[in-house]
Structure formats: structure tokens, C-alpha cells
Amino acid sequence: MIHFSLTSEQLAFKQCIIEFAAKELNENLAEKDDKAEFPWKNWKKCAGMDLLFLLCPEEYGGLNLGLPAAVASIEGLSYGCRDSGLVHSIVTQLCCLIQIALFGTDDQKEAYLPTLGKGEKIAAQAITEPDAGSDVFSMGTQAVKEDGHYILNGSKTFISNGPLADLITVFAVTHPGRKKFGGISSFIIEKGVHGFSAGKPLKKMGLRTLQNGELFFDNCRVPAETLLGKNGQGMILFNEVIEWERALLSAAHIGTMERILESCIKYAKGRIQFGQPIANFQSISHKIAEMKVGIELGRLMLYKAALMKEQNKRATIETSIAKLFISETLKKTCLEAVQIHGGYGYMKDFEIERDLRDSVASTIYSGSSELQRNIIASIAGL
Amino acid sequence: MDLTNTIKQFIFTIIVNNNENMAIRNTDSLIESGIIDSLAIMKLLTFMEKKFSIQISSNDLMPENFESIESISKMVANKLN
């Protein structure tokens, strides 16, 4: 049995983030969405609130909150901030930071953690390739060791924060014969290194303020000291960090769903049809009940997984269950929210349509729902 | 059943699904043969942590510790001691 509850300080911090986000991060969202602009000003405001420092060890200036409190904070951020692209960008930064905090050398931590936490540098994690999506370890990018350096060749795609990133954790094959395990390593590559270039942001259906793009490595020669973790430890590093990522992204989705639920309740109470609020009709109230059930069940699984991570336990199946359930529930919730709002829900002015567009990728990124089911079935014993 | 055989049996029955064509000796490379992939490693870790009541940290998760049944057994034995 797992017991968890947030302390009064953690709850107060979450409330503080909600108020900050609601007040500071929601200006001109439709325009930013239309232009697919990265909200630099709001990124800096979030950094000013130490949101990028949530998981950073204290000796590097961080808050070192632990995953349950970080999950609560991101849930609060996503509840208050209606720009899901910005929230996703922040989660990406946190995941890169935790990679370096967990696996980096002292020099790497010293060099990168403070600047990432302050938001002075933007980070990206480069794994996915044009021919390696769900089958991520079939990647083709190679890193060949030569004279105390590694030479990287290959390309990555769909990389969140990629077009803006100052530093990227890049996964590449270092032992082609051992591709599946022990053959992949991770590197920290900084912008400006010869042989590295980033493509323009890709145009997307949703999460349009988040910048995703291609990265290219053409005889990109970097010192051996850029290796993150040990040679051949890339798959292990990925498996560890993906658990943090699935928990944090799920936290963002819970916050979004909570906000949408409240919006639906308010609308259903105020919208009069057939002489009464539509909330009186079970066809509406049952949709809202289903949303509430999804949020509560998802949150329970999420906090269980987060607590296990804080206790240094493996939470592969727990984070996969949380990610699968919450992302599928998010998509369903957004679709039902449009339905509850009727024609208005389909219009851009009501913002629900943006939430729906933003939700579609949630069952694809960080491991598709199909992949989560494979992981769950496999660890369950198949 | 001793530690090595417990691990060997798990790998044979769960990871390679009782494939009779996959005769695995204790010193065979599980990495070179492709037996240990990303899902297999998670299954194996989950099994070992539960079965032997041990915690395998990120520092233990080095390829050389999972090279063969022999090296896996050695790592687990060190933890138990």
C-alpha cells in the first residue's frame, strides 16, 4: 500500500504557481498559436519563478523538490497556464536537466545545471529519427570514437525545443553490433559546434508555441568529455529519464483537464436550452462525471508512480499506465468539452478547440499509447 | 534453485519465451545475441528486484553487468552480500 499526500508547503507552492500562471502566462494566446511563436517573455517569467529549477539539486541553485512535488507544481502550472506548448517546453527542459543531474559528471553538472535552471540556456533531448520512432533503438545516428573525440553523423526529427536549443542530449550508436543494449550512448552537444545544425520549426496541428524540428550531425566532432553517463549506457539513461518525462507530461495533462472540467461545469450551468441549464440534462452531466472520474483515477496513478520514483524504486509499468490512461483521457475530455460547448466549442474564441488540437499528440509523444500497452503487457508477464 | 539458475530460467522462460533454439550458456553474450533489449532489461530488472529483494541503481546499470548470465549473477550476488 502506498500512502501519499503533499505537505502544506508543497500545496502552497502549487497554489502560488497557479496564481502566477493564470495572471502572467495567458496573454494573446490565440495570436501566439496562429503565429506558432515561442513565448520567450513567458519562458523568462517561468524561469523567474524557479520553475526550471524544480528538480535541480540544491548545490547547483535548484529547489530539489523531488518528483511528487514537481508533479504537483507542473499540474498547477498547466491548470493556470492555457499555453500547453509552453508547459511542454518547460517539461522538456526539466527532463534534460534531470538527465544531467542523474548521469552527468561533476564538471557537466557545474557547467549546465545552473544555466538550465535559470532558463538562460534551452535544452532538447534528441532521440527520435525519421526511421526510428516507436522502435527508437533502431536509430541510425552513429558516434565513432577517434583520437579522444567522437564524430557524430545522422539526423533527428520532431525534437521538442530543437530549433531553439543551446544544448542537446543526443543519443547515438557507439557499438553498431550491440545496437539493442550497450550499443547506444548519450552526448551533450552545444549549439555552434562544427557539423551540427538545426532545421526550422516544423508546422504542427497543435502545441504550436512549442518548437519542434530536425537536427543534423554531419561529421560533428566533439570531445570525449561530452559523453553523458558511461559509454554504452544510453538505453539505460533513456529508460530512466523517460519515466520522469511520462510522469511530468501526465501532470501537465491532469492540470489541463482540471481546468477544462471547470470550464465545462461553468458553461453547462449557464447555457440555457429548452428552458433550463443544459447541466440538468444527463447527456451533459454524465460527460462531466466521466471527466471527473478520469482526472481522479489518473491523478492517483500518477502520484503513486511519482512517489515510487522519489523512493528510488523502478516505476516503469506505473509511469506507462499513468501516461497511457491520462493521455487517452485528455483527448477524450477535450473532445467531450467541444461537444458540451456545441458550436461555440468549435470556434476559436472559446479556446476549447485549441485544447483539443493540443491534446492529439499526447497519445503519440513520449511513447505512443500502443507502445505503452506493449510495455505494460510485457512487464505484466507476457 | 541457486541464483544463477533462477536468473537463467527467467531469461529462458520469460525473455526468450521457451524458445528451444535459444540454448543459452552462462557465459554467452546476451547483448551480442540481442536477447537483452529495452523491454527485456526492464522485465529482468523488475524480476530481480522483486525476487531477490534488492535495489539496482543507475550505477549498476552498466552493459558489462548484463553481458551474460554469469555477470548478472555476479552483480546480484554482490548486492546480496
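Hydrogens, waters and symmetry mates play no part in the numbers below; they use all other heavy atoms, side chains included. The sequence lines fix the lettering, A, B, ..., with proteins before strands; numbering per chain opens at 1.
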Q) Within residues 64-81 of chain B, which positions have a heavy-atom distance to chain A below 4.5 Å? A) Phe66(B), Glu67(B)
(Q) Distance check, rounded to the nearest 0.5 Å: Asn312(A) atom CG versus Ile56(B) atom CD1? (A) 13.5 Å
Q: For residues Met42(B) and Ile375(A), determine if any side-chain heavy atom of one lies less than 4.5 Å from a side-chain heavy atom of the other.
A: no
Q. What is the distance from atom CD of Glu49(B) to atom NZ of Lys313(A), rounded to the nearest 0.5 Å?
A. 10.5 Å
Q: Check each atom of Leu382(A) against the heavy atoms of chain B and say whether the ones under 4.5 Å are side chain, backbone, both or neither.
A: backbone
(Q) With a 4.5 angstrom heavy-atom cut-off, is it the side chain or the backbone of Phe238(A) that approaches chain B, or both, or neither? (A) neither
Q. CG of Asn239(A) to CG of Leu61(B): how many Å apart, nearest 0.5 Å?
A. 9.0 Å
Q: Report the distance from atom CG of Asp60(B) to atom CD1 of Ile236(A), rounding to the nearest 0.5 Å.
A: 10.5 Å
**Q.** Gly182(A) to Pro63(B) - nearest heavy-atom pair and separation
**A.** CA-CG, 3.7 Å
Q. Can you list every pair that meets side-chain hydrogen bond (donor to acceptor under 3.5 Å, both in side chains) and has a residue in residues 373-382 of chain A, with sequence neighbours left out?
A. Ser378(A)-Lys43(B)
